[in-house]
There are 2 protein chains.
Amino acid sequence: QVTFEEISASDFFYRNRDIAGFTNPSRAIFAAIRELVENSLDAAESLKIPPDIYVRLSFEGEASKETQIYKLRVEDNGIGVPPRHIPSAFGQVLFGSKYKLKQQRGTFGLGGKMAILYGQITTHQPACIMSSNGMSRIYMYKLMIDIQKNRPLILDRKVLLNKEQWRGTIVEFCLEGDYLRAMPKILDYFKQTAMVNPYANLTFVDPKGRLYKFTSVTKDMPKPPKETLPHPYGVDVELLQRLIHITPYKNMPEFLINHFHRVGEKTAQKFLTFSNISPSKNPKKLSHEEIVRLMHMLKKFKEFLPPDASCLSPLGEELLKVGIVKELKPEFVAVHQRRPATYAGHPFIIEVGIAYGGEIPKRSAFLIYRFANRIPLLYDEASDVSVRVINDMNWRRYKAAPDMPIAILVHICSTKVPYKTVGKEFIADRPEVRKEIGNGLREVARQLQHFLTRREHVDRERKR
Amino acid sequence: QVTFEEISASDFFYRNRDIAGFTNPSRAIFAAIRELVENSLDAAESLKIPPDIYVRLSFEGEASKETQIYKLRVEDNGIGVPPRHIPSAFGQVLFGSKYKLKQQRGTFGLGGKMAILYGQITTHQPACIMSSNGMSRIYMYKLMIDIQKNRPLILDRKVLLNKEQWRGTIVEFCLEGDYLRAMPKILDYFKQTAMVNPYANLTFVDPKGRLYKFTSVTKDMPKPPKETLPHPYGVDVELLQRLIHITPYKNMPEFLINHFHRVGEKTAQKFLTFSNISPSKNPKKLSHEEIVRLMHMLKKFKEFLPPDASCLSPLGEELLKVGIVKELKPEFVAVHQRRPATYAGHPFIIEVGIAYGGEIPKRSAFLIYRFANRIPLLYDEASDVSVRVINDMNWRRYKAAPDMPIAILVHICSTKVPYKTVGKEFIADRPEVRKEIGNGLREVARQLQHFLTRREHVDRERKR
Ligand SMILES: Nc1ncnc2c1ncn2[C@@H]1O[C@H](COP(=O)(O)OP(=O)(O)OP(=O)(O)O)[C@@H](O)[C@H]1O
Ligand SMILES: Nc1ncnc2c1ncn2[C@@H]1O[C@H](COP(=O)(O)OP(=O)(O)OP(=O)(O)O)[C@@H](O)[C@H]1O
Ligand SMILES: [Mg+2]
Ligand SMILES: [Mg+2]
């Protein structure tokens with residue numbers, strides 16, 4: 001007998017938590033830490049202040065032969081969460097503040113909840129959230145997730161006086177994991193996060209009580225991104241329908257100018273002439289066929305301006321260099337930032353770096369660092385588009401070889417990073433992204449080639 | 001100003017449809033066809049009858065420079081969908097009949113809806129579903145998906161007399177795509193589906209009117225899988241709580257025997273003694289701590305029987321051989337089915353095959369066929385665990401090399417295939433799965449080695 005059922009979004013991600021990155025006890029600890037740290041970085045940057053993030057993983061007890069119970073606590077100086085939203089922000093899957101066209105680390109409305117959910121299903125303990133916007137009150141919630149109904153279960157709620165005007169968020173919960181196996185990746189994550197966020201202060205106290213401090217090396221923060229409008233080249237019928245539904249504008253030029261990215265009066269009029277749409281048409285009166293035709297025309301019209309980068313916040317060549325030099329102390333480093341490009345209407349910028357010698361270890365393959373929206377990507381390297389580009393390049397023509405002490409860094413920032421997986425493990429092989437990475441790497445590879453050639457000359461001179 | 005919002009599951013997969021496999025116009029046509037064909041195969045097999053599936057992709061009009069509008073129609077002789085469930089089955093994301101512990105192709109409750117959603121956002125046309133269980137009525141629905149609310153919008157509903165006692169389902173909708181680029185993969189998909197489902201009749205009519213017929217070569221179908229209970233080694237607190245919530249049993253032995261896989265009276269008593277839990281304890285009276293302790297004990301107890309394969313339906317070595325021989329006509333073929341194994345409490349079986357010569361092309365790399373629950377996997381080969389195992393093997397000791405005309409086939413069947421992505425593109429690198437694939441491949445590689453050695457001898461003899 002075939003029976004049908006519906007499941008909630010939290011039930012879906014509970015059943016398929018490996019798809020969200022919570023694959024096994026060691027990976028789960030890594031995933032929980034990275035999701036919370038990324039939330040904290042976003043929270044501080046939204047206030048345009050240098051992040052101060054304190055992470056403590058403390059040992060709570062044995063669980064099985066290879067796993068232990070830990071308590072994870074992440075504290076930040078960010079913008080905080082308004083009390084009325086705390087239960088949903090941490091207890092309802094597909095709820096958040098990052099469903100906007102703006103570069104942020106968060107994007108799915110899922111990460112923090114997955115960490116809390118994983119802790120809950122391995123320890124049956126509630127999560128404790130404390131938050132304040134720096135005003136007179138601190139709000140404390142103890143909550144669990146009703147996984148079948150996808151809603152928070154509030155076990156306790158307290159309002160405390162904020163005597164020291166503290167601002168930020170503290171998230172604390174227990175989870176079962178294998179820290180020993182996760183440790184190298186977790187330390188790597190902190191090191192690489194510090195590398196591309198050199199304005200952030202990160203502190204990590206591990207279960208043995210060891211203190212890892214990553215102190216900021218600069219007060220300069222990249223210019224923060226602004227929220228933007230969808231680009232005409234990225235439209236589909238659903239998007240058009242939603243815009244038509246909410247628009248207060250009763251004619252086509254105003255509809256285009258106010259709902260699309262970089263469409264001015266002139267461009268709007270040119271477009272309406274090109275697509276033979278009457279400017280006085282009320283968008284709400286467009287028929288089904290006219291909406292589909294509008295979509296095709298928006299993609300066909302060649303004179304829309306390419307996206308500008310105001311919704312993006314790249315590191316910049318200076319900051320990128322600082323991070324590489326601090327981490328690898330190389331003999332040579334070259335960095336390059338590409339111009340903004342788009343894929344499927346989403347703007348993105350590729351930044352690359354290449355470094356030689358110094359503290360870079362000599363191994364059988366290049367040391368590759370991958371970043372997306374200033375998040376280090378530490379798993380599934382072989383599947384990532386950057387690694388495919390690197391492997392497809394003819395490095396010999398640049399006098400470089402994988403067994404040299406060479407490190408390669410690729411950073412993509414976008415309003416929508418083309419992650420292949422919900423666990424944000426690697427970047428999909430999109431042709432536009434692949435092309436930009438290839439062009440960026442060839443540029444810095446050329447600079448490396450000059451350095452290696454000069455070095456070769458100097459060595460030859462020295463031998464005579 | 002930070003604003004918070006919640007989004008529905010359909011909105012999530014609309015925004016992230018590339019994560020569900022609908023990445024670009026050519027991939028989308030492939031994904032739509034495969035999702036519907038897999039639904040039809042499941043539907044016929046649930047009735048234990050050989051599937052008859054008819055797929056037609058017809059040209060409807062131009063869309064852009066590289067894409068066209070197509071109408072996709074998939075018709076099958078399966079079990080049909082009960083009329084009261086048709087709207088949700090095709091119009092509500094995370095709704096379906098496959099949220100069970102049984103081997104099926106479907107698992108997420110998402111695939112058919114994603115295809116319809118993609119068609120809707122590119123053409124603004126409704127989907128038409130017709131279905132009957134072979135009784136007196138055929139039910140026809142015209143529907144679209146309310147993506148923001150995740151519910152079907154029924155535009156039309158008809159009840160027709162089923163004069164010819166037809167049984168099955170017809171799904172028809174329009175979508176924009178790039179068939180020219182998708183064609184090789186789509187034809188590959190049909191060929192490989194026929195290879196591992198040799199009891200199925202598949203017909204495909206492409207936009208040019210060309211007919212591709214894949215006629216079944218056998219009436220024998222593998223023994224159908226039975227639904228099973230969760231295995232003790234796969235428990236977490238949420239699962240235990242749900243079982244405790246629904247259980248009618250008031251003591252621990254009956255709770256264990258009736259809710260877990262292959263736990264009999266003796267094993268239950270042994271386990272309760274081992275874990276020092278009183279048999280008379282009412283499961284509904286277990287405290288939080290006791291539930292967590294029960295979970296740890298269930299994982300620690302070494303005497304639970306391994307899963308049996310009644311919930312699985314492997315091809316079997318005979319059928320696997322038939323499929324390989326029919327497709328590749330090789331000079332040599334070896335197949336091997338591994339015993340059932342588990343990962344995270346989920347039973348799985350690995351079946352492998354290796355073939356040499358015949359119509360296998362000579363190329364720079366092995367020809368690799370990957371299958372999961374009798375679904376061909378055609379993308380992201382490099383990321384798949386089977387390809388990693390193949391690349392890590394020392395083929396020279398088996399006298400084999402990638403530039404020989406060798407084809408390798410790996411099939412995993414499980415109650416929960418460890419897909420890495422929602423788009424079911426490749427299998428995650430799980431240690432238990434990797435181990436089984438490695439053992440299976442070494443077994444058939446040895447047989448290939450014997451064949452190649454004998455052939456070498458024969459050639460040498462002939463030369464004298
Ligand atoms: N430390 C924090 N400070 C301020 N706000 C936070 C913090 N952690 C979470 N939030 C809020 O809770 C929301 C949900 O977080 P969650 O990690 O679940 O999703 P997300 O960050 O929006 O997306 P993603 O799933 O990609 O991480 C965020 O959008 C943010 O508004
Ligand atoms: N051709 C069909 N015949 C019978 N039932 C069908 C058919 N197509 C879909 N269904 C029903 O609709 C449900 C939803 O299908 P859908 O493809 O969306 O999800 P699924 O097959 O359950 O999982 P997945 O997302 O992994 O494909 C199925 O579970 C099945 O019950
Ligand atoms: Mg987050
Ligand atoms: Mg399906």
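Chain naming here is simple, since letters A, B, ... match the order of the sequence lines and numbering starts at 1 in each.
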Glu289(A) versus chain B, heavy atoms under 4.5 Å apart: side chain, backbone, both or neither?
-> neither
Relative to chain A, which segment of Glu425(B) carries a heavy atom at a distance below 4.5 Å: side chain, backbone, both, or neither?
-> side chain
Would you please say whether a donor-acceptor pair under 3.5 Å links the side chains of Asn16(B) and Tyr419(A)?
-> no
One option among Ile7(B), Asp380(B), Thr421(B), Val292(B) has the most heavy-atom pairs under 4.5 Å with chain A, and it is Ile7(B)
Side chain, backbone, both or neither of Gln241(A) within contact of chain B (heavy atoms, under 4.5 Å) | side chain
Hey, would you say the Tyr99(B) and Phe12(A) ring centroids sit under 6.0 Å apart?
-> no
Any donor and acceptor pair, going by atom type alone, linking the side chain of Lys300(A) with main-chain N or O of Ala63(B) inside 3.5 Å?
-> no
Report the relative orientation of the aromatic rings in His124(B) and His288(A); use parallel for angles under 30°, tilted for 30 to 60°, perpendicular for over 60°.
-> perpendicular
Select one option (side chain, backbone, both, neither) describing which atoms of Ser64(A) are under 4.5 Å from chain B's heavy atoms.
-> neither
Selection from Val2(A), Ile79(A), Asp11(A), Ile291(A) maximising heavy-atom pairs under 4.5 Å formed with chain B | Asp11(A)
Cut-off 4.5 Å, heavy atoms of chain B, and the answer for Val422(A) is both
Which bit of Gln148(A) comes within less than 4.5 Å of chain B, counting heavy atoms only: side chain, backbone, both or neither?
-> both
Ionic contact status for Lys420(A) with Asp18(B), cut-off 4.0 Å = no
How many angstroms lie between atom OH of Tyr343(B) and atom CG of Asn24(A), to the nearest 0.5 angstrom?
-> 12.5 Å
